[in-house]
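Worksheet: the structure to be examined is printed underneath.
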There are 2 protein chains.
Amino acid sequence: MQISDAEWVVMNLIWGSQPIDASQVIERLSEPHDWSAATIKTMLHRLVRKGALSHEADGRKYIYRAKVRRHDCVRKASRSFLDRVFGGNAAPALLHLLKTSRLSPDEAAELRELLDARFGDEQGG
Amino acid sequence: MQISDAEWVVMNLIWGSQPIDASQVIERLSEPHDWSAATIKTMLHRLVRKGALSHEADGRKYIYRAKVRRHDCVRKASRSFLDRVFGGNAAPALLHLLKTSRLSPDEAAELRELLDARFGDEQGG
DNA sequence: CTCTTTCGTTTACAGATGTAAACTGATTAC
DNA sequence: GTAATCAGTTTACATCTGTAAACGAAAGAG
């Protein structure tokens with residue numbers, strides 16, 4: 001199951017604010033993305049159909065919840081990105097991101113720690 | 001201009017082996033991707049139309065060349081991936097890739113060097 | 001010179017995507 | 001209780017994608 005660009009916007013909101021009903025999603029996304037309410041309703045509907053969201057009636061409205069875990073979707077999307085753009089090799093991707101990104105000192109430190117933890121200074125691991 | 005999944009396969013080949021003619025592309029891609037010659041011809045055609053490739057007649061066949069630089073496409077695709085999946089923040093993306101990837105010691109070392117060069121140990125840069 | 005093969009162009013077609021209006025059933029305001 | 005409103009469902013529609021067949025021109029086979 002593929003989550004499209006626009007659907008990621010919706011999913012990202014829902015992962016961060018579930019359970020949530022349609023009006024909330026519309027309220028939070030229509031302005032910043034210049035989407036009509038109808039567009040957002042369509043996306044919610046499609047995401048339910050795809051199995052990415054579940055909805056549960058609460059009176060006349062529906063409460064939406066993610067059925068797929070963000071982490072799994074991130075993994076899938078990352079895999080697909082790596083495959084398509086870097087032939088599946090993480091190293092060039094990491095180098096590219098590192099070269100083109102501004103990181104805060106804290107973020108850099110965290111990265112360095114993880115790097116050291118997983119791939120120790122002397123031997124790789 | 002967007003390069004689709006399948007088109008990336010073609011572009012990746014061409015970036016690595018240009019100039020190249022259609023029969024070569026077909027020869028190199030149809031087996032591993034299980035694509036018919038017609039499919040590959042379509043993709044070449046679309047890529048020319050999109051402006052990603054140029055073609056130049058050489059007798060009855062065409063020689064293809066990339067018109068867009070790989071680096072630019074990588075940057076665009078990375079940007080789009082970051083935006084869609086990580087809300088535009090490189091740090092979580094880097095952490096994710098690092099957590100889910102196996103790197104060789106050399107790759108790890110290269111990353112560490114770049115990290116240190118760009119975001120020195122004491123002060124961020 | 002015809003027939004066949006080859007190469008590129010056009011056309012095809014279903015499914016995904018972005019974007020949204022139309023429709024329908026329930027609910028709230030009079 | 002009838003009108004306006006609101007939520008969700010259906011329908012719409014152009015474009016993009018993946019996948020490929022059909023078609024037309026050129027070139028080589030005989």
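Proteins come first, then strands; the chains are lettered A, B, ... in the order of their sequence lines, and each starts at number 1. Any value given below was found using the heavy atoms of this structure, including those in side chains, with hydrogens, waters and symmetry copies removed.
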Verdict with reasoning, A:Asp106 to A:Ser104, per side-chain hydrogen bond (donor to acceptor under 3.5 Å, both in side chains): CA-CA 5 Å; A:Asp106 280 358; A:Ser104 73; 5.4 Å; no

With sequence neighbours excluded, residues passing side chain to side chain donor-acceptor pair (under 3.5 Å) with A:Arg102: none

B:Ile63 with B:Leu29, same ILVMFWY side-chain cluster at under 4.5 Å: no

Of the listed nucleotides D:dT9, C:dT10, C:dC7, the one nearest the side chain of B:Lys61: C:dC7

Nearest-angstrom distance from the residue atom CE of B:Met1 to P of D:dT15: 19 Å

Rounded distance (Å) that lies between atom P of C:dC7 and atom OH of B:Tyr64: 11 Å

Comparing B:Gly59 and A:Ile63 on DNA chain D - which has the more 5′ nearest nucleotide: A:Ile63

Over 12 foreign heavy atoms within 6.0 Å of CD, B:Gln24: yes

Separation of atom CG in A:Asp58 from atom P in D:dC6, rounded to whole Å: 18 Å

Base-contact (B) and sugar-phosphate-only (S) positions in nucleotides 12-25 of chain C, heavy-atom cut-off under 4.0 Å, - elsewhere: B----BBBBB----

Ring geometry between A:His33 and A:Trp35 (parallel below 30°, tilted from 30 to 60°, perpendicular above 60°): parallel

Proximity to DNA chain C (any heavy atom under 4.0 Å), residues of residues 20-29 of chain A only: none

Value in whole Å for how far the C1' atom of D:dT19 lies from CD1 of B:Ile40: 11 Å

Flag for B:Ser101-A:Arg118: side-chain donor and acceptor within less than 3.5 Å: no

Length of the CD-P vector between A:Glu56 and D:dG8, whole Å: 13 Å

A:Leu44 CG to D:dG8 C1', straight-line distance once rounded to whole Å: 10 Å

By side chain to side chain donor-acceptor pair (under 3.5 Å) - contacts of B:Ser30 (at least two apart): none

Determine all donor-acceptor pairs shorter than 3.5 Å in which one atom belongs to a side chain in residues 78-94 of chain A; sequence neighbours excluded.
from: A:Ser78; atom 1: OG; to: A:Val74; atom 2: O; distance (Å): 2.7
from: A:Arg79; atom 1: NH2; to: A:Asp83; atom 2: OD1; distance (Å): 3.4
from: A:Arg79; atom 1: NH2; to: A:Gly88; atom 2: O; distance (Å): 3.4
from: A:Arg84; atom 1: NH1; to: B:Asp5; atom 2: OD1; distance (Å): 2.1
from: A:Arg84; atom 1: NH2; to: B:Ile3; atom 2: O; distance (Å): 3.1

Scan the side chains in residues 36-50 of chain B for donor-acceptor partners under 3.5 Å anywhere in the protein, sequence neighbours excluded, and list what turns up.
from: B:Ser36; atom 1: OG; to: B:Ala38; atom 2: N; distance (Å): 3.3
from: B:Ser36; atom 1: OG; to: B:Thr39; atom 2: N; distance (Å): 3.2
from: B:Ser36; atom 1: OG; to: B:Thr39; atom 2: OG1; distance (Å): 3.2
from: B:Thr42; atom 1: OG1; to: B:Ala38; atom 2: O; distance (Å): 3.0
from: B:Lys50; atom 1: NZ; to: B:Gln2; atom 2: O; distance (Å): 2.6
from: B:Lys50; atom 1: NZ; to: B:Glu7; atom 2: OE1; distance (Å): 2.7
from: B:Lys50; atom 1: NZ; to: B:Glu7; atom 2: OE2; distance (Å): 3.2

